[in-house]
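Report on the structure given below.
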Amino acid sequence: SQLVFDLVQFIGEGNVKEALTLLNRIIFQGLSIDTLLASTIDHLRNLLVVRTCGLQSELVEAYGISPQELEQQARRFDPVMLTQDIVILEELRRTARQSQAARALLDATVVRLALADQFTPIAQLMDQNVATDAVAKKKA
């Protein structure tokens, strides 16, 4: 629980180096990628529940982490981003089971999650595309 908490903390801070270093340590200690992903998904779900329903919700199923730490970490994440992260990790979990490059996919996904604020949101890309199309039609 503490290792997953720390991994998510580094992801939330955008600290790619520490996240990958911890990830390597977790894998080296023998935790399977599938188990790590399942535990991380469960932890993100708890953060999502805390952010949307409150710490006192009966839906929170966190063990080994103090309620105060969980609440503090939950504040670091936007609920929409948490839902996206859960979906991304679950998709990775399914893909990793059949991939020869599961570790590379895991590393790439952790970097993606940690640097998520540097990616352009899909809505913004679509707005830009609509604006470009409108300008093109106007010129035609």
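Heavy atoms only: backbone and side chains are in, while hydrogens, waters and symmetry mates are out.
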- With Q9, which of Q73, Q72, E69 fulfils side-chain hydrogen bond (donor to acceptor under 3.5 Å, both in side chains)? Q73
Under the salt bridge (Lys or Arg N to Asp or Glu O under 4.0 Å) test, which residues partner [X], sequence neighbours left out?
X   : answer
R76 : none
R51 : none
R25 : none
E90 : R93, R94

Are [X] and [Y] side-chain neighbours, meaning at least one heavy-atom pair lies under 4.5 Å?
X    : Y    : answer
R45  : L59  : yes
F77  : V8   : yes
T109 : L113 : yes

In Å and rounded to the nearest 0.5 Å, what is the [atom1] to [atom2] distance from [X] to [Y]?
X   : Y    : atom1 : atom2 : value
I27 : R103 : CD1   : CZ    : 5.5 Å
I11 : D6   : CD1   : CG    : 11.0 Å
L23 : L106 : CG    : CG    : 4.5 Å
L70 : R75  : CG    : CZ    : 10.5 Å

Strictly distance-based, threshold 3.5 Å: is any side-chain N or O of [X] a donor or acceptor partner for the main-chain N or O of [Y]?
X   : Y   : value
N46 : E61 : yes
S99 : T95 : no
S1  : I65 : no

Let me have the donor-acceptor pairs involving side chains of residues 35-42, under 3.5 Å, with sequence neighbours excluded, atom names and distances please.
from : atom 1 : to  : atom 2 : distance (Å)
T35  : OG1    : S32 : OG     : 2.8
S39  : OG     : T35 : O      : 3.0
T40  : OG1    : L36 : O      : 2.8

- Query: Within a reach of under 6.0 Å around CD of E58, are more than 12 heavy atoms found that belong to other residues, nucleotides or ligands?
  - Reply: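 Atom CD in E58 is not packed in, count stays at 12 or less.
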- What do you reckon, is CD of Q56 surrounded by more than 12 foreign heavy atoms closer than 6.0 Å? no
Considering all heavy atoms, the nearest [X]-[Y] contact:
X    : Y    : value
A102 : A96  : CB-O, 3.7 Å
L48  : P79  : CD1-O, 3.6 Å
G14  : L115 : O-CD2, 4.3 Å
V60  : G54  : CG2-O, 4.0 Å
L3   : L22  : O-CD2, 3.6 Å

- Applying side chain to side chain donor-acceptor pair (under 3.5 Å) to N15 and not counting sequence neighbours gives none
- Query: When clusters are formed by joining ILVMFWY residues with side-chain heavy atoms under 4.5 Å apart, either directly or through shared neighbours, do M81 and V87 land in the same one?
  - Reply: no
